[in-house]
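Working notes, structure below.
The structure presented is a predicted model; accordingly, all values stated were derived computationally and were not measured. Sequence lines set the chain letters: A, B, ... in the order given, protein chains first and strands last, and positions in each chain run from 1.
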Amino acid sequence: MEKMTRVSGTVSGCTMFCHLDAPANAISVCRDATQVVVAGRNIFKIYGLEEDGFVERLNLRVGRKPSLNFSCADVMWHQMEENLLATAATNGAVVTWNLARPCRNKQEQLFTEHKRTVNKVCFHPTEVNMLLSGSQDGFMKCFDLRKKESVSTFSGQSESVRDVQFSIKDYFTFAASFENGNVQLWDIRRPDRYERMFTAHTGPVFCCDWHPEDRGWLATGGRDKMVKVWDMSTNRVKEIYCVQTIASVARVKWRPERRYHLATCSMMVDHNIYVWDVRRPFIPFATFEEHKDVTTGIVWRHQHDPYFLLSGSKDSTLYQHMFKDASRPVDRANPEGLCFGLFGDLAFAAKESLMSAPQSVGDVGRKTYPGGDRRYPIFFFKKPDVTEQFAQVSSALSVFESEAGSSVGMDWFINTAQSYLLSGKPFAELCEHNAQVAKRLNRPQESTTWTMLRIMFSEPANPSLSSNHNLNKSGNLPLVNSFSMKEMSAALNERNKENRQDNLHSLETNLNNNDENEETEGSEGQAEYLFGDAELDDDDLYSMEHDNQAAEEPEYLLPQEAFPLRHEIMDHPSAPEPVQEKPESPHVSGSEAESTCLTPMESFSLISVSQLLFSPHLPPKFFCPIVKEMLCYYAEQGDVQMAVSVLIVLGDRIRKEIDELTQEHWYMSYIDLLQRFELWNVSNEVIKLSTCGAIMCLNQTSTTLHINCSNCKRPMSNKGWICDRCHHCASVCAVCHHVVKGLFVWCQGCSHGGHLEHVMEWLKQSKHCPAGCGHLCEYT
Amino acid sequence: MKEEAGVDLPQALPSGPSAFVPIEEILEEGAAQVMSEDLLSEGRVDHIKMMMGLHPTYLTCFLQTQNALLQLDGPLPLSWRHFIIILASARHQCSYLVQHHSSAFLLAGGDKSWLRGLHCAPPKIQHLQMLNKLLAHRPWIITQEHIQELVCPGAEARWSLAELIQAIVLMSHAHSLASFVWGCGILPEPEQLGDQSLNLCSPTESCSARDKSRNQQEWSEAVNEVKLLMEKMMMVQQQGEEFTQEEMVTRFERERTESLLEPADVQRCVLPDCFSRFVVDADFTYQDFSPRGVQAPPTMRAQDYSWEDHGFSLMNRLYGEMAQLLDEKFQVVCALTYHTMAMHSHVDTSTLRKAIWNYIHCIYGIRYDDYNYGDVNQLLERSLKVYVKTVACHPEKTTTRMYFSFWRQFRHSEKVHVNLLLMEARLQAALLYALRAITHYMT
């Protein structure tokens with residue numbers, strides 16, 4: 001603020017604008033910041049900057065039919081001589097204007113040495129009579145205003161000069177930017193060769209600007225949407241800052257008195273003017289959003305005042321922007337950030353004020369890094385700078401590291417996928433195995449789920465098996481009864497309409513129900529063996545209802561549902577049929593589960609009634625809704641692995657309950673995951689065991705293997721083992737001279753080979769190749 | 001390599017790739033090298049590639065662009081792209097492209113019924129017809145309203161800007177390629193020959209007869225013409241004279257409206273069915289700017305909307321990879337030179353190339369403030385202008401006579417070079433107008 005005192009008192013005002021008659025191409029201010037000149041194809045006017053608006057002072061476009069010399073691509077007001085202006089015309093002329101001329105036509109000198117459009121003119125900052133121009137024809141010319149012709153010509157050896165700028169600090173140096181992406185530095189005394197050249201952008205460099213204070217800093221803006229700041233003071237030109245904007249950069253101007261600020265406007269599409277802090281390249285420091293079409297010229301009103309920016313635009317307006325009226329995108333930005341690391345770490349940055357509260361809670365595995373931590377150098381705290389008004393957001397970064405050995409990564413997934421057994425053993429054993437696997441991987445919930453599934457769906461008439469297992473898992477046994485009862489009651493409630501419990505059964509249930517209630521109350525805290533909290537909460541209620549129901553429906557007969565299913569378990573121990581193509585078969589099993597109609601199975605079930613009467617076990621179909629719910633829960637949680645594994649292991653027991661499409665969706669997701677982790681074998685097994693047609697057919701695609709004949713190297717087209725071109729047998733075993741139809745092993749040295757077992761045997765006895773080629777083959 | 005390849009080359013065919021250029025010359029000029037790659041992979045080279053093979057540097061980047069446009073990822077489905085090309089080339093009655101892309105359309109899984117005519121295509125494609133017409137013949141008329149109509153009609157047939165920009169590039173690409181096909185007299189591919197009705201669409205005058213009839217006097221005349229042209233080029237390069245604004249404008253207008261260059265045959269033959277089913281409003285063709293007439297649209301100033309600054313920036317935003325490819329293609333074609341002219345070598349041909357480029361932009365209403373259109377008059381002889389203007393604006397009216405009457409002493413490859421310039425300048429002009437309209441729409 002104290003620097004304001006340096007600025008002459010005349011600079012004051014507010015955000016204001018005036019309409020021009022035509023689109024502006026460029027603007028420039030005079031040294032004392034009281035007047036601005038606007039130039040364009042059809043406009044060339046001088047406006048006075050008053051307290052409350054622009055006032056037109058002078059129209060330099062005179063004559064009936066203004067010549068093309070008035071069609072300006074650029075304009076510059078001399079910073080030493082207040083009556084002197086220069087313009088670059090689209091027809092290649094460089095014109096100087098003297099406002100002190102008494103007549104209406106202020107044109108002073110006309111240089112028509114350039115062959116193409118002149119893109120830029122630039123007065124020397126301290127030398128009164130020196131003017132530089134850069135043109136589309138690839139030349140830069142230096143004019144002495146006291147002479148009629150240019151004093152020197154610089155050839156960029158390339159297409160189109162887009163900008164030329166005299167260095168503010170170095171008397172002899174100027175920079176030129178080119179359409180091919182290069183920037184050249186020249187010494188005004190040496191027109192033969194540039195001093196340095198470097199490639200700044202891909203595509204044209206539209207603009208450049210020397211830093212008003214820092215001797216070596218040059219900002220460039222290009223069509224590649226970047227603004228770069230270069231340090232020229234070192235031997236090698238170095239890019240020190242880079243700002244990525246959203247459109248090609250047409251102009252760039254350093255902000256006075258602010259070392260790191262610069263203003264940019266774009267060539268196309270984007271109409272805003274941005275002021276950037278180059279150290280914070282991701283979000284503009286301030287934005288001026290007044291213009292309705294692209295901004296073509298920007299200039300700071302006074303070279304020591306950072307608060308006033310003038311801009312001209314294609315929308316035919318001239319604006320004075322006040323810095324205090326600018327919008328600050330940073331205020332609207334979201335200061336929180338979240339990112340996952342490669343190894344499952346989670347980094348989270350948020351405002352410190354927000355972070356302090358949860359810190360007291362003391363989460364496990366969380367480390368907070370205050371600013372300046374060397375291990376995380378991306379985050380640093382800047383000392384608050386008085387001159388810098390960037391909103392200070394001090395963020396705290398927290399990194400949640402995965403505990404060593406814990407399964408935050410995806411290891412558990414791979415391990416589980418590899419260790420789970422999905423088929424090949426009786427149902428109960430599969431469940432038991434999988435429960436152990438889950439337990440070993442420290443996943444108690446999954447483990448318990450498997451155990452419960454076993455209990456729910458296991459064959460109660462096979463007590464030896466289940467009791468064995470229960471004994472193995474000590475502590476589980478006492479739970480069995482109470483648990484199954486509880487499940488039953490819940491299931492009862494859901495299906496109370498069709499409840500067909502027989503008296504006997506209900507009595508049993510009632511007996512058990514009491515135990516169960518007590519136990520549930522006692523163990524509410526752990527509740528690990530439950531599927532969800534809801535069941536637990538409603539437990540008491542359900543058991544009450546159950547009692548009533550059982551009492552009210554005494555006329556219901558013996559349930560038949562339990563027996564057929566059990567029967568099937570006995571017949572097909574837990575191995576789901578891989579192919580379920582006939583539509584009848586699901587229907588049959590569906591009716592099994594319902595078992596309300598007279599199915600052929602009934603005869604069997606009647607036979608087995610006598611056995612079952614002694615068992616307190618519930619029909620597995622009671623559990624189906626709850627298992628279905630569980631599967632959906634796991635799938636929702638993202639553990640599609642669990643859902644699919646259970647689906648496969650349960651097979652027909654549950655399959656009918658779940659929508660075919662949902663199943664297919666789960667399968668697809670799981671297979672996709674497996675393939676991403678390159679678990680091809682597991683994925684193949686899953687595909688094989690799946691019952692969805694769409695999944696099964698995955699295995700049927702691209703199963704063709706193309707082979708070339710080993711003799712003539714042509715593709716084998718026919719089906720047999722004889723190449724139809726050379727009529728030789730392809731891939732003959734070197735030992736037995738028969739065609740190898742299975743595994744073929746060959747030496748990588750001599751490329752002879754044959755049946756795996758033959759070659760193995762041969763090489764046990766001999767070191768040489770069986771084909772007799774003399775190569776010393778090795779089998780490892 | 002050449003000999004080897006020569007066995008497979010379609011020499012057995014009576015016609016070769018072009019009605020104007022003898023096949024021997026195409027093979028001689030070293031094109032075989034470029035083409036051998038194609039020969040190996042596909043067994044044959046299509047005629048367009050053979051002609052462009054005369055300028056291998058250009059061919060590479062042309063193929064890159066065309067491949068990106070037709071094969072690589074993009075907002076439009078593959079079959080649509082071919083169909084749009086069919087629509088666009090039908091406007092210039094280019095049977096070669098229509099046939100080629102019809103089969104490509106079917107290969108890409110297009111619906112066969114669409115080929116019965118525009119009315120069978122979905123309404124979304126039918127909406128393009130207006131823009132297609134304007135881009136082909138009078139791109140300067142395109143306004144933001146035309147864009148708006150397509151981008152937000154509110155209905156389901158709406159075009160997204162990304163789709164639209166690809167469609168625009170496709171259409172202008174096809175239009176300019178049609179110019180090339182006609183301008184070089186490219187003959188139908190062997191497999192297209194079956195359809196006899198299409199044969200008459202390509203010029204069929206024998207060229208070899210002409211070569212023989214050239215007598216000594218004509219020869220020396222032609223040699224003198226080249227010398228004269230070179231002198232003029234030197235002059236143009238050195239001249240530093242000044243003109244008033246009015247003089248410059250007059251020159252520009254004169255070049256633009258030289259209506260004498262219109263081909264004489266005005267009689268309008270009925271379009272063959274193979275085109276008419278894809279064309280709506282067939283009578284809409286290029287029209288000269290009415291000289292300073294009331295409704296004459298304002299000229300476009302190159303300084304106000306140029307490809308390098310504005311066109312590229314916009315295209316880069318909407319269809320990034322295409323912007324890069326087109327930019328490269330324009331650069332290559334503008335820089336292409338062998339420093340030769342007819343029998344002379346080590347010649348700086350930049351002024352001549354510039355004159356052709358600017359003349360084409362001029363007839364499309366784009367004006368460079370910093371160009372003296374008097375140069376065009378100096379450098380481009382009348383017969384060349386007739387040819388250029390015909391090929392650029394009414395390619396279907398190109399005749400063998402036109403092709404042979406300009407630059408009699410120049411090599412065929414140089415005439416193909418003119419065609420490349422012509423094609424790219426035309427493409428750029430159309431794109432600039434379309435992109436300007438989109439810019440206006442977006443602001």
Side-chain angles (χ1 to χ4, degrees), chain A residues 22-23 25 40-42 63-74 88-93 110-119 135-137 149 159-160 162 179-180 202-204 206 222-225 246-250 266-271 291-294 296 313-315, chain B residues 144 161 236-252 298-318 320 323-324 326-328 330-331 334-335 350-351 354 358 367-373 375 435-436 438-443:
Chain A
N25 276 347
R41 175 171 291 282
N42 294 312
R64 266 184 313 109
K65 276 240 164 207
S67 90
L68 266 183
N69 296 341
F70 284 101
S71 166
C72 304
D74 190 37
T90 51
N91 64 351
L110 179 69
F111 304 98
T112 54
E113 295 181 31
H114 284 296
K115 285 211 175 62
R116 305 278 313 273
T117 300
V118 179
N119 287 319
S135 154
Q136 198 76 13
D137 60 12
E149 283 169 0
E159 280 278 299
S160 313
R162 298 309 296 241
E179 200 151 288
N180 58 9
T202 52
F206 286 137
R223 196 173 70 178
D224 58 1
K225 307 178 193 172
I246 58 166
S248 359
V249 181
S266 75
M267 176 76 78
M268 282 290 287
V269 192
D270 183 22
H271 312 154
H291 285 298
K292 302 280 186 297
D293 201 340
V294 284
T296 47
S313 159
K314 277 248 158 74
D315 64 5
Chain B
Q144 67 185 93
L161 267 183
V236 164
Q237 222 155 16
Q238 278 153 14
Q239 84 189 156
E241 47 178 327
E242 260 320 294
F243 305 100
T244 63
Q245 153 106 359
E246 270 159 88
E247 174 65 22
M248 298 289 271
V249 172
T250 320
R251 285 178 179 185
F252 174 75
T299 48
M300 173 141 130
R301 311 293 190 112
Q303 274 79 7
D304 287 354
Y305 205 97
S306 68
W307 166 257
E308 287 79 17
D309 296 2
H310 308 89
F312 179 90
S313 300
L314 181 65
M315 180 90 96
N316 197 24
R317 197 179 170 95
L318 296 171
Q324 300 285 354
L326 286 174
D327 194 42
E328 193 187 324
F330 290 139
Q331 275 175 19
C334 289
S350 57
T351 46
K354 191 95 224 158
N358 286 354
R367 179 176 159 201
Y368 292 83
D369 281 345
D370 51 4
Y371 188 74
N372 175 8
Y373 285 87
D375 293 358
L435 290 171
R436 186 177 66 165
I438 292 179
T439 311
H440 286 166
Y441 167 74
M442 286 172 78
T443 52

Checklist entry - Is there side-chain contact between A:Phe206 and B:Glu308, with at least one heavy-atom pair below 4.5 Å? => result no
Checklist entry - How long is the gap from OG1 on A:Thr117 to OH on B:Tyr368, to the nearest 0.5 Å? => result 10.0 Å
Next on the checklist: For B:Phe312 versus A:Arg223, what's the shortest heavy-atom pair and its separation?
Outcome noted: CD2-NE, 2.9 Å
Checklist entry - Between B:Asp370 and A:Lys115, is any pair of side-chain heavy atoms under 4.5 Å apart? => result no
Checklist entry - Going by heavy atoms in the side chains, are B:Asn316 and A:Lys225 under 4.5 Å from each other? => result yes
Next on the checklist: What I'd like to find out is whether the side chain of B:Arg301 reaches to under 4.5 Å of the side chain of A:Thr90, using heavy atoms alone.
Outcome noted: no
Checklist entry - Which answer fits A:Glu179, side chain, backbone, both or neither, if we ask what part of it has an atom under 4.5 Å from a heavy atom of chain B? => result side chain
Item to check | Heavy-atom contact with chain B under 4.5 Å, split by part of A:His271 | outcome: side chain
Next on the checklist: Report which part of A:Met267 has an atom under 4.5 Å of a heavy atom belonging to chain B: side chain, backbone, both, or neither.
Outcome noted: both
Checklist entry - Is any side-chain N of the basic residue among A:Arg41 and B:Asp304 closer than 4.0 Å to the acidic one's carboxylate O? => result yes
Checklist entry - How many angstroms lie between CZ in B:Arg317 and CG in A:Asp270, if you round to the nearest 0.5 Å? => result 7.0 Å
Next on the checklist: Is any side-chain heavy atom of A:Ser71 closer than 4.5 Å to one of B:Asp369?
Outcome noted: yes
